[in-house]
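So the structure is just underneath, and the comments pick up after that.
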Protein chains: 2
Amino acid sequence: MTETGTRRDRTRAATVREITATARLILVKEGPDAVTLRAIARRMGMTAPALYRYFGSHQELLRHVVGDLFNELTDEVQAAIRQTPSGDLKERFMHASFAFRDWALTHQREYTLVFGTPIVRGETLDFTDECGQRFGRTFVELFLELWKSKPFPVLADADIEPALTVQMERYRGEVGSPDLPIGAMVVFLSCWIRLQGFVTLEVFGQMGFALDDSSPMFHLLLMDLADRLGLH
Amino acid sequence: MTETGTRRDRTRAATVREITATARLILVKEGPDAVTLRAIARRMGMTAPALYRYFGSHQELLRHVVGDLFNELTDEVQAAIRQTPSGDLKERFMHASFAFRDWALTHQREYTLVFGTPIVRGETLDFTDECGQRFGRTFVELFLELWKSKPFPVLADADIEPALTVQMERYRGEVGSPDLPIGAMVVFLSCWIRLQGFVTLEVFGQMGFALDDSSPMFHLLLMDLADRLGLH
DNA sequence: TTAGCAAGTTAACACCGTTCATTATCGTGA
DNA sequence: TCACGATAATGAACGGTGTTAACTTGCTAA
């Protein structure tokens, strides 16, 4: 992560970082509605229009913050994976899942910003999209590792709906593992959906009707998933 | 649903309905950011301050819309249940789940408003809370019906974390089924989390990285849940 | 050294939620 | 029938928002 370019480029990059950091600070301390251009600028000793030198719009600025948050989350999960001996894949999976949930719960407003804003999939990938893909790859690679180390039982190709098969084949091509059974892709995806679905409901407070501490329920989920992935 | 009270009360109730209906119209046609007091009033041939005769604030108006949406969703699900013969409980479960997902996908902006705004659980229940509880009860009762008709295998009390048991006991008391095993409550809750988690990710576009049509995946989920609930 | 560009400013526009004083309208009791 | 009180609705105003345009300042590269 070494700085490059002219001096001007460097100070400019520093300002961009300060802007996104300030935006996040306000997000955390005062909530999403308080993250206005004027509030950001005020806290930086600037005026709002100056921010347009760095971002085309308020939306674009927020998208950039989302990218940064994706990167932080990805780093956190990858650190959890690396800190676990590569021999114990079950532990790796558990720690990675816990790291994801922990980050979500300790950064609820950030999580809401990242995953709670329905984003239409644009044509070309921007910075934010790339950060999101990097995050996605982190869990994909973990699952691939699990499969390669010890394949688990999956549905046979013939038992999977064609409409699902064709989508899984496309996605399998994207992650670059052409020899993986379609059934394994299905297991990966449904496990991920269960994991992210759970965490999302948690952060959005949708479990409060029954639970005030969802940790034991999450623990149960992880046991279930580990089982499904043949980890004992 | 018969109107009561004086003539004034009736016209007032009609105006309240028109306001929430207009708010929803704008929500659907122009998105959540367009649902401003001025826009609502404009479309009704009024001015914004007049709306304060009916709602204490913009937030309160939106909360009321959420309540209406809850009721519509609940009615939809209950209709799907009633239209299925009470003998075939598997079909009832499937149809109810499909009705929930269908409503979510055909009313994405409404779903986002209802379930995507992290709401802190207040002290006293307001109109919106009651509508939410009514929705919750709908699925609870379906599960209770399933259990009473044909109990499915569940964890023994001794195999459930105490921290989870105490919460489930409280919730079991709320739904008024003191003789239900704690394990059955856990199964209900985890099934519901999987269902709502899936639908939420779907609406928020969080599956787009792998799927452009999530229907077959949802079908797979329902088969899984039916299996878990002993429906064959 | 100087021309040019980047960074930042102020002023303005149209919109927002909300409050306040004021007016018009309606229903009802004398 | 009339007058009064409650209700409904208005227009003006305040401080805030995203955004644009014109303008100044200061650094930098030729």
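Letters A, B, ... mirror the listed sequences (proteins, then strands); counts begin at 1. Note that this is a predicted model, so its numbers are computed, not measured.
Identified under the salt bridge (Lys or Arg N to Asp or Glu O under 4.0 Å) test for residues 98-108 of chain B, with sequence neighbours left out: B:Arg101-B:Glu202. Among residues at least two apart or in separate chains, salt bridge (Lys or Arg N to Asp or Glu O under 4.0 Å) pairs with a member in residues 70-83 of chain A are A:Arg24-A:Glu72, A:Asp75-A:Arg134. For residues 43-59 of chain B, the salt bridge (Lys or Arg N to Asp or Glu O under 4.0 Å) pairs, not counting sequence neighbours, are B:Glu30-B:Arg43. Listed by first then second residue, pairs satisfying side-chain hydrogen bond (donor to acceptor under 3.5 Å, both in side chains) with a partner in residues 32-42 of chain B number zero, not counting sequence neighbours.
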Donor-acceptor contacts under 3.5 Å from residues 185-194 of chain A side chains, at least two apart:
{"residue": "A:Ser190", "atom": "OG", "partner": "A:Val186", "partner atom": "O", "Å": "3.1"}
{"residue": "A:Ser190", "atom": "OG", "partner": "A:Val187", "partner atom": "O", "Å": "3.2"}
{"residue": "A:Trp192", "atom": "NE1", "partner": "A:Gln196", "partner atom": "OE1", "Å": "3.2"}
{"residue": "A:Arg194", "atom": "NH2", "partner": "A:Asp224", "partner atom": "OD2", "Å": "2.9"}

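By the salt bridge (Lys or Arg N to Asp or Glu O under 4.0 Å) test, B:Glu145 pairs with B:Arg92, sequence neighbours left out. With sequence neighbours excluded, the residues forming a ring-ring contact (aromatic ring centres under 6.0 Å, His included) with A:Phe218 are A:Phe98, A:Phe198, listed by chain and number. Listed by chain and residue number, nothing satisfies the salt bridge (Lys or Arg N to Asp or Glu O under 4.0 Å) test with A:Glu141 (two or more places apart in sequence, or in another chain). For A:His58, the ring-ring contact (aromatic ring centres under 6.0 Å, His included) criterion is met by no residue, not counting sequence neighbours.
The stretch residues 37-55 of chain A touches DNA chain C through A:Arg38, A:Gly45, A:Met46, A:Thr47, A:Pro49, A:Ala50, A:Arg53, A:Tyr54, each having a heavy atom under 4.0 angstrom from the strand.
Taking the 5' to 3' direction, DNA chain C first and last meets chain B under 4.0 angstrom from a heavy atom at C:dC16 to C:dG27.
Aromatic ring orientation, A:His107 versus A:Trp103: parallel (interplanar angle below 30°, classes split at 30° and 60°).
Here the P atom of nucleotide D:dG15 and the CG atom of A:Asp33 are 21 Å apart, to the nearest Å.
A:Ser57 comes within 4.0 angstrom of sugar-phosphate atoms only, judged by non-hydrogen atoms across all strands, and of no base.
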Nucleotides 4-6 of chain D: which of its N/O atoms have a protein N/O under 3.5 Å away?
none

